[in-house]
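What follows is a set of notes on a single structure, which appears directly below.
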Amino acid sequence: MSSTWQQQLKQALNNQKHPDFLHQHPQHSTAAAALFSHVIAPDMFDAIDQKNPQDPILKQFLPVADETINTPGFHADPVDDNQATQVAGLIHKYHGRVLLIASGSCAVNCRYCFRRHFPYTKSYAPRNNWRASIEYIKAHKDIHEVILSGGDPLTLETTKLQQLTAALAPVEHVKTLRIHSRIPVVLSQRIDQEFLHWSRQLKLNKVMVLHVNHANELTNKAQAAITKLKQAGYTLLNQSVILKGVNDTATVLAQLSQQLFESGVLPYYLHQFDQVQNAAHFMVDEATSQKIHQDLQSLLPGYLVPKLVKEVAGEKNKTQISL
Ligand code: SF4
């Protein structure tokens, strides 16, 4: 019998069943895994080409010694989430939208994650059954969109998500639920009947923003999960981060955009790297990102070119940096 998504997630989080290939990889660093645990869901492990030492999926999830380096100019909270936290687990940075830290867990730990140092145990919205967040949203009538982020919000059981949307249902000024998740691609089994049933009956507009950095991540399983989400009524977008050695060429990004489009997802943002401490080896400098983005525009129709943006701490919106 195949394992449930909960079992797969638990195994990934407990570092169980990590195939020997990862632990015995010559670049695997136990010291780096002690700083930020090594988590990789089975769908992503299966997508690694083990014969390719430069595999773009392996690079995103393998803890390596470079992570133990402290680099000047890199920070634990590069986008100033702590400053914008209004109540535990609720970040209100941008007009009309709030972001809820719905979970402290992910089905993969991306080594470049800008929240790799985030104090999840202190700042976690579902604590007290979302009550503090709901009260804040009710009191701020300009909030029309609630964004679930994390960690990955789809690590929560569907009943926990139901609890939130039931509490939001009477709040008339909230029109849209947006979910930021890597899970449909890395743990496709999570997109199960219970989740789809909950999604279909929602009265809110539904947006899901995936996080895919390379076309190799769009496996057959991921594409099947994406199709189910589309059929359940989600508007599907993607955000990527430009990462050294993973997707820092216009050709690779063009393939990603085309593959996303084939799957029914529109490219939305291409993020300039947030300067998070212990991940400086992924950094592509801004001028190089701009040049790559310019080249990308010459390869694709405009609707497949994601916006090149960076997050500037304290700014009221993301800053477009394309040439
Ligand atoms: S899935 Fe998102 S929140 Fe989780 S580790 Fe990756 S980048 Fe960070």
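Position 1 is the first residue of the sequence, and the numbers go up from there. Both counts, for ligands and for their atoms, begin at 1 and track the order of listing. Source: prediction; values computed, not measured. In what follows, every heavy atom counts, from backbone to side chain, and hydrogens, waters and symmetry copies are set aside.
Of the inter-residue distances, the one linking Leu229 atom CG with Met208 atom CE reads 4.5 Å to the nearest 0.5 angstrom.
Here the protein contributes Cys110 SG as N, O or S atoms under 2.8 Å from atom 6 (Fe) of ligand 1.
The pair Arg182-Asp152 does not count as a salt bridge, with every side-chain nitrogen at least 4.0 angstrom from each carboxylate oxygen. Ion pairing of Asp55 with Lys59 is absent here, as no side-chain N (NZ or NE/NH1/NH2) approaches a carboxylate O to less than 4.0 Å. Electrostatic pairing of Lys93 and Asp81 counts as a salt bridge here, judged by a charged N lying under 4.0 Å from a carboxylate O.
In this structure a side-chain-to-backbone donor-acceptor pair under 3.5 Å is present from His214 to Asn216.
Applying the side-chain hydrogen bond (donor to acceptor under 3.5 Å, both in side chains) test to every pair with at least one member in residues 157-180, sequence neighbours left out, gives these pairs: Gln6-Glu157, Asn129-Lys160, Glu145-Arg178, Thr158-Arg190, Lys160-Gln163, Thr165-Trp198, Thr176-Asn205, Arg178-His180.
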